[in-house]
Asks: 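This structure is in structure tokens; I'll ask about it shortly.
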Amino acid sequence: MKAIFHIDVNSAYLSWEAMDRLKRGERLDLRKVPSVVAGDPKKRNGIILAKSIPAKKYGIKTGESLMEAFQKYNKLIVLPPNYGLYMGCSHAMNEIFKEYTPLVQRYSVDESFMDYSDMEHLFGEPLKVAHEIKDRIREELGFTVSIGVSTNKLLAKMGSDLKKPDAVVTLYPDEIERKMWPLPVEDLFMVGRRTGPKLHNMNIHTIGDLAKTDVEFLERVLKSHGVMIWRYANGIEDSKVLGGRREIKGIGNSTTIPYDVTEKEDAYLVLLSLCETVGMRLRAGGYTARLVSIGIKTSQFFYYSHQRKVDTPTNHTNTLYEYAKELFDEAWQKEAVRHLGVRVSELEDAGVTQLTLFEDTEKYERGKRLDETIDRLRMKYHHTCVFRGSFANTKIKPLQGGVGEEDYPMMSSLL
DNA sequence: TCTGGGGTCCTAGGACCC
DNA sequence: TCTGGGGTCCTAGGACCC
């Protein structure tokens with residue numbers, strides 16, 4: 001029998017923070033009061049990353065600014081994010097899943113799929129196993145999850161959204177009409193902030209409305225996306241639960257700068273700090289990249305990007321930086337810059353790097369050895385132990401963006 | 001006391017080649 | 001000295017996810 005589970009940690013960042021503080025002897029359970037995990041408004045990234053259920057009751061939403069949240073409830077408790085903690089909790093949870101089946105797909109830090117098809121003989125009926133997993137996570141790890149149980153990933157995912165916290169919900173095909181069709185269409189996976197309003201304009205308001213709409217009409221107006229959401233509305237989806245590791249497609253780091261940048265030299269410094277982390281992650285993964293792109297967000301929140309294929313795939317910090325500067329110069333319209341990003345894609349195996357004719361192999365080898373040496377020092381001591389002199393006496397941090405923890409889950413918007 | 005950072009995939013238009 | 005279509009590569013931008 002087909003049995004797919006989707007496990008979703010309830011208010012993940014907030015629950016994990018609350019649990020960690022209880023373990024450290026704090027008396028107050030943050031899950032029981034209006035509280036949020038949020039960035040720092042002083043650094044201009046003060047948005048809500050997670051909220052407690054009591055905070056939700058005041059209308060506080062993930063993604064809105066701290067200011068907006070305070071206007072809804074002025075005694076809100078605000079906690080900074082702690083990504084290391086989240087990684088640990090996520091890992092512990094996934095270890096439990098793997099006791100039941102090797103087919104575990106980590107969809108994000110707080111969501112996983114499990115394929116428990118045809119395994120009743122091992123641990124019992126799917127519904128019983130789902131309850132067992134949910135209860136074990138609560139008892140052994142101290143946080144709660146919602147588990148959706150069905151015959152495919154889409155329905156399992158939609159199911160896990162139906163009840164929280166600490167719940168197991170089935171959403172089998174014969175339950176779609178009763179449990180899923182009455183929901184507003186924007187609750188459907190893959191109907192986001194652009195498609196939702198478009199559908200309402202077409203008089204499609206519920207998932208049921210969408211399911212009963214002519215699919216050829218949807219294809220005409222929304223292209224392949226229209227066909228996909230129509231299939232989802234009807235519970236049709238057959239992708240596999242991808243166990244193990246998956247090929248990574250690209251690596252990028254970006255950052256909001258605490259002040260608006262108007263000087264090219266300041267932008268260069270930020271780009272260098274981003275190239276450092278992107279380069280480290282490339283090298284740590286054994287990749288080179290054939291495509292380099294930069295992104296610029298202006299103080300007016302206008303975003304644009306510029307990219308270029310490179311003739312020799314690279315993972316050298318300095319080479320990435322040369323390209324990033326060049327791309328920035330070509331793209332920048334001299335507006336005040338709020339946010340900068342560097343991303344590489346079209347990754348290749350670093351082992352097979354082929355120099356183009358006429359390339360300076362001497363210089364190449366020196367650059368490679370320098371990167372390797374710095375990576376080793378940063379690994380052995382602390383990533384802040386070596387930094388470029390150009391960052392001295394500036395307000396820019398020498399490294400910016402995550403440095404790719406071994407275990408960082410693949411993010412993907414595809415099932 | 002203003003709006004994050006990490007991803008994936010799709011589409012459209014222009015260049016270029018046959 | 002006119003008409004053209006198909007295929008692929010490259011780039012920019014947009015949509016979605018957590």
Side-chain angles (χ1 to χ4, degrees), chain A residues 6 8-9 11-13 37-50 61-72 74 76 78 80-81 83 86-87 90 106-112 153-154 157 160-161 186 188-198 222-229 232 246-258 260 274 277-278 281 290-310 327 330-331 338-347 400-405 408-415:
Chain A
H6 177 259
D8 192 333
V9 178
S11 315
Y13 290 5
V37 174
D40 180 358
K42 285 198 205 71
K43 293 188 193 149
R44 309 206 298 180
N45 59 14
I47 69 155
I48 310 288
L49 300 166
K61 298 191 188 89
T62 301
E64 71 185 355
S65 69
L66 257 185
M67 184 193 69
E68 291 171 294
F70 272 117
Q71 280 167 356
K72 291 172 181 173
N74 64 7
L76 195 63
V78 182
Y83 295 100
Y86 311 154
M87 297 295 169
S90 177
R106 241 175 126 179
Y107 185 65
S108 73
V109 72
D110 67 335
E111 291 184 27
S112 290
K153 286 162 75 178
L154 182 273
K157 179 151 172 60
S160 67
D161 249 1
E186 51 271 17
L188 183 66
F189 181 69
M190 281 289 153
V191 175
R193 61 187 239 280
R194 298 288 184 184
T195 309
K198 280 187 202 166
L222 300 174
K223 311 285 176 191
S224 63
H225 189 71
V227 179
M228 182 177 67
I229 60 177
Y232 287 179
R246 278 190 298 153
E247 195 88 21
I248 182 173
K249 300 281 168 57
I251 294 173
N253 284 118
S254 66
T255 188
T256 294
I257 307 145
D260 282 342
L274 293 165
T277 52
V278 169
R281 291 172 65 193
R290 200 174 264 289
L291 184 69
V292 182
S293 45
I294 61 110
I296 299 171
K297 182 152 62 178
T298 69
S299 59
Q300 305 301 307
F301 283 82
F302 184 63
Y303 179 84
Y304 52 96
S305 63
H306 196 39
Q307 65 182 52
R308 177 160 298 139
K309 296 263 272 190
V310 305
L327 289 164
E330 289 166 6
R338 176 188 175 87
H339 170 109
L340 283 170
V342 172
R343 123 164 247 102
V344 294
S345 52
E346 298 192 16
L347 304 185
Q400 258 166 139
V403 186
E405 283 76 0
Y408 202 82
M410 295 315 176
M411 304 290 203
S412 166
S413 58
L414 285 194
L415 288 185

Asks: Mind checking what makes salt bridge (Lys or Arg N to Asp or Glu O under 4.0 Å) contact with A:Arg308, not counting sequence neighbours?
Replies: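 Testing A:Arg308 for salt bridge (Lys or Arg N to Asp or Glu O under 4.0 Å), a comparison that skips the adjacent residues, returns A:Glu326, A:Glu330.
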Asks: Can you give the dot-bracket line for DNA chain C, using ( ) for pairs inside the strand, [ ] for pairs that cross earlier ones, | for pairs with another strand and . for unpaired bases, where Watson-Crick and G-U count if both distances are under 3.5 Å?
Replies: ....||||||||||||||
Asks: If you check every side-chain atom of A:Ile47, which of C:dC18, B:dT3, B:dC9 has the closest atom?
Replies: B:dT3
Asks: Among B:dT8, C:dC16, B:dG5, which nucleotide sits nearest the side chain of A:Thr195?
Replies: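 Out of B:dT8, C:dC16, B:dG5, the nucleotide with an atom closest to A:Thr195's side chain is C:dC16.
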Asks: Please state whether the phosphate of B:dC2, meaning OP1 or OP2, lies under 4.0 angstrom from any side-chain nitrogen or oxygen of A:Arg338.
Replies: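 For A:Arg338, the contact criterion (side-chain N or O under 4.0 Å from OP1 or OP2 of B:dC2) is not met.
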Asks: Between protein and nucleic acid, restricted to nucleotides 11-14 of chain B and to nitrogen or oxygen atoms under 3.5 Å apart, what atom pairs and distances do you find?
Replies:
| residue | atom | partner | partner atom | Å |
| --- | --- | --- | --- | --- |
| B:dT11 | OP1 | A:Ser224 | OG | 2.8 |
| B:dA12 | OP1 | A:Lys223 | NZ | 3.4 |

Asks: Could I get the full list of side chain to side chain donor-acceptor pair (under 3.5 Å) partners for A:Asp8, not counting sequence neighbours?
Replies: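 If we apply the side chain to side chain donor-acceptor pair (under 3.5 Å) test to A:Asp8, skipping adjacent residues, there are no hits.
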Asks: If the condition is salt bridge (Lys or Arg N to Asp or Glu O under 4.0 Å), which residues does A:Glu111 pass it with, not counting sequence neighbours?
Replies: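 Counting only residues at least two positions away or on another chain, A:Glu111 forms a salt bridge (Lys or Arg N to Asp or Glu O under 4.0 Å) with A:Lys157.
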Asks: Side chain of A:Arg194, heavy atoms from C-beta onward: which of C:dA15, B:dT8, B:dG4 has the nearest atom to it?
Replies: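 Within the option list, the nearest is C:dA15.
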Asks: Phosphate oxygens OP1/OP2 of B:dG5: is one of them under 4.0 Å from a side-chain N or O of A:Thr256?
Replies: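 Affirmative; the distance criterion is met.
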Asks: Looking at residues at least two apart in the chain, or sitting in another chain, which of them share a salt bridge (Lys or Arg N to Asp or Glu O under 4.0 Å) with A:Arg338?
Replies: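 In terms of salt bridge (Lys or Arg N to Asp or Glu O under 4.0 Å), with neighbours along the sequence ignored, A:Arg338 is linked to no residue.
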Asks: Under the rule for ring pair (Phe, Tyr, Trp, His ring centres under 6.0 Å), what residues qualify as partners of A:Phe70, not counting sequence neighbours?
Replies: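 Ring pair (Phe, Tyr, Trp, His ring centres under 6.0 Å) check on A:Phe70 returns nothing, list empty.
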Asks: Considering residues at least two apart in sequence or located in another chain, which fulfil the salt bridge (Lys or Arg N to Asp or Glu O under 4.0 Å) criterion with A:Asp260?
Replies: A:Arg44
Asks: Let me have the donor-acceptor pairs involving side chains of residues 339-347 of chain A, under 3.5 Å, with sequence neighbours excluded, atom names and distances please.
Replies:
| residue | atom | partner | partner atom | Å |
| --- | --- | --- | --- | --- |
| A:His339 | ND1 | A:Thr255 | O | 3.4 |
| A:His339 | ND1 | A:Thr256 | OG1 | 3.2 |
| A:His339 | NE2 | A:Ser254 | OG | 3.4 |
| A:Glu346 | OE1 | A:Lys309 | NZ | 2.7 |

Asks: Could you check which of B:dG5, C:dC17, B:dT1 has an atom nearest any side-chain atom of A:Phe189?
Replies: C:dC17
